[in-house]
Number of protein chains: 2
Amino acid sequence: MSARNRASTEDPRVVRTRAAVVAAARDLFLRKGHAGTTMEEIATVAGIAKRTVYNNYADKDALFREIVGDAIAYAETFAHELPGQLASDLDAEDLPAALHDLGARMAHAILRPEIVALRRLLIGEARAFPELARAYFDRAPGRVIDALAAAFGTLADSAVLDVPDVRRAAEQFAYLVVGAPLDRAMLVGEAPGAAERAACAREGVETFLARYGRAPGRR
Amino acid sequence: MSARNRASTEDPRVVRTRAAVVAAARDLFLRKGHAGTTMEEIATVAGIAKRTVYNNYADKDALFREIVGDAIAYAETFAHELPGQLASDLDAEDLPAALHDLGARMAHAILRPEIVALRRLLIGEARAFPELARAYFDRAPGRVIDALAAAFGTLADSAVLDVPDVRRAAEQFAYLVVGAPLDRAMLVGEAPGAAERAACAREGVETFLARYGRAPGRR
DNA sequence: CCTACCGATCGGTAGG
DNA sequence: CCTACCGATCGGTAGG
């Protein structure tokens with residue numbers, strides 16, 4: 001049985017079918033939600049019969065978890081890359097430019113349409129799939145906050161920042177930079193344009209620096 | 001016909017029935033969502049027959065819009081009261097205390113379980129009922145931001161605050177004070193406890209004052 | 001005669 | 001892999 005499973009998993013037809021199902025389901029679930037998407041629709045878009053979808057996934061919820069799990073992993077890669085470039089050897093001169101760069105990249109990444117769509121889906125389905133919403137929270141925003149807190153701690157040790165509570169400062173940085181446009185995107189749909197996103201990030205970083213930056217480092 | 005309609009609207013039986021339907025529907029829709037609530041369930045909880053629900057509301061969506069409209073109006077009253085107490089005759093001495101009071105009241109109001117539940121419902125149903133999500137955005141967070149911006153403008157005119165862009169400052173104030181706990185509540189469910197909410201509000205206001213407060217007014 | 005209300009059921013849909 | 005079909009559910013309605 002294990003041999004048969006392995007063989008069927010490697011069968012190129014199975015691989016192609018699964019890829020088509022996943023692509024169709026991802027598009028439909030993210031655009032139309034869980035209840036708004038039918039298994040029939042997924043099969044049609046994937047170009048296969050409904051029965052074939054059930055040959056690969058036990059039921060609708062299993063397919064949904066697979067798709068959302070993939071999307072969370074995708075969001076996690078962004079979360080992981082974001083604060084990585086905030087080098088620990090910054091001096092006070094470089095700090096504002098480095099934080100503005102980080103803020104701009106965060107705003108760009110977090111307000112991507114795919115991420116906004118994923119967040120809306122997760123919040124809407126949080127009652128039915130609480131473990132998925134929590135997994136996203138822990139692996140995407142949670143990971144960004146953790147990394148920011150660690151970076152701020154290092155910068156505080158080298159007296160580039162004056163941060164009494166690194167975790168609080170990390171949250172403030174994140175929500176100063178993307179809070180307003182993200183909340184708007186959740187409720188109104190479309191995120192603000194690139195110019196507004198950039199301005200919000202820039203001004204957010206300035207407010208952060210006003211509290212936590214050391215005076216010599218401000219421009 | 002107008003006389004007949006008026007008579008039936010004032011019939012105490014009708015009033016009582018409608019109140020029971022609205023109470024049941026509000027509870028169920030906010031706890032279990034639109035698709036997760038059946039008309040049968042609403043009728044049962046209200047203690048009447050399903051047909052009687054349909055005698056008062058054309059269909060499920062009409063009832064849903066009524067309930068959500070009421071909830072938005074409720075949220076709007078909070079939004080309206082919030083920045084009202086930020087008197088325009090503040091001097092620099094009183095400013096920090098007044099802003100901390102405002103921040104604490106905002107955190108308390110916005111993170112109420114009913115408001116959190118309403119926001120989750122609206123975000124989840126934003127695809128199906130975009131006009132409701134937008135109405136909430138305009139009348140609750142939008143109104144708070146507007147009122148904050150107006151208040152900050154007055155305080156800037158009397159040189160109590162130094163605010164180049166009142167709208168931006170208003171958004172930063174709001175999301176510094178509630179951004180992190182609100183985002184967590186949307187995804188993870190329960191909002192943080194009172195102590196964490198208060199600390200987040202307090203530190204948020206401090207960061208706001210670091211940028212926009214005039215030095216003499218800081219304590 | 002009208003309004004409010006109820007028990008019973010239908011038409012259509014979607015997961016499996 | 002498809003057609004056909006089922007058991008169940010639910011929004012909405014007709015008769016009394």
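The chains referred to below are lettered A, B, ... by the order of the sequence lines, with proteins before strands, and numbering in each begins at 1.
Nucleotide D:dC2 holds its C1' atom 12 Å from the NZ atom of A:Lys50, rounded to whole Å. Following rounding to the nearest Å, B:Arg18 (CZ) and C:dC5 (P) show an atom-to-atom distance of 10 Å. Taking atom OH on A:Tyr54 and atom P on C:dG15, their separation rounds to 6 Å, with Å as the unit. We find that CD of A:Glu40 is positioned 11 Å from C1' of D:dC2, with the value rounded to whole Å.
Here the side chain of B:Gln172 pairs a donor or acceptor atom with the backbone of A:Glu203 at under 3.5 angstrom. Between the side chain of B:Thr37 and the backbone N or O of B:Leu28 there is at least one donor-acceptor pair closer than 3.5 Å. Within the 3.5 Å criterion, the main-chain N or O of A:His34 finds a donor-acceptor partner in the side chain of A:Lys60.
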Next item on the list: Quick one: do A:Arg167 and A:Ile145 satisfy side chain to side chain contact (heavy atoms under 4.5 Å, CB included)? Show the steps, please.
Entry: CA-CA 7 Å; A:Arg167 177 141 214 97; A:Ile145 301 290; 3.7 Å; yes
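Taken from CZ in B:Arg202 to CG in B:Leu99, the straight-line distance is 15.0 Å, to the nearest 0.5 Å.
Aromatic rings from A:Phe208 and A:Phe152 are positioned such that their centres are separated by under 6.0 Å.
Scanning atom types as modelled, no donor and acceptor separated by under 3.5 angstrom connect the side chain of A:Lys60 and the base of C:dG16.
Interface residues of residues 23-39 of chain B facing DNA chain C, ordered by number: none; criterion, heavy-atom separation under 4.0 Å.
Contact annotation: B:Thr17 does not reach the phosphate of C:dA4 (side-chain N/O to OP1 or OP2, under 4.0 Å).
A gap of 22 Å separates the P atoms of D:dG12 and C:dA8, to the nearest Å.
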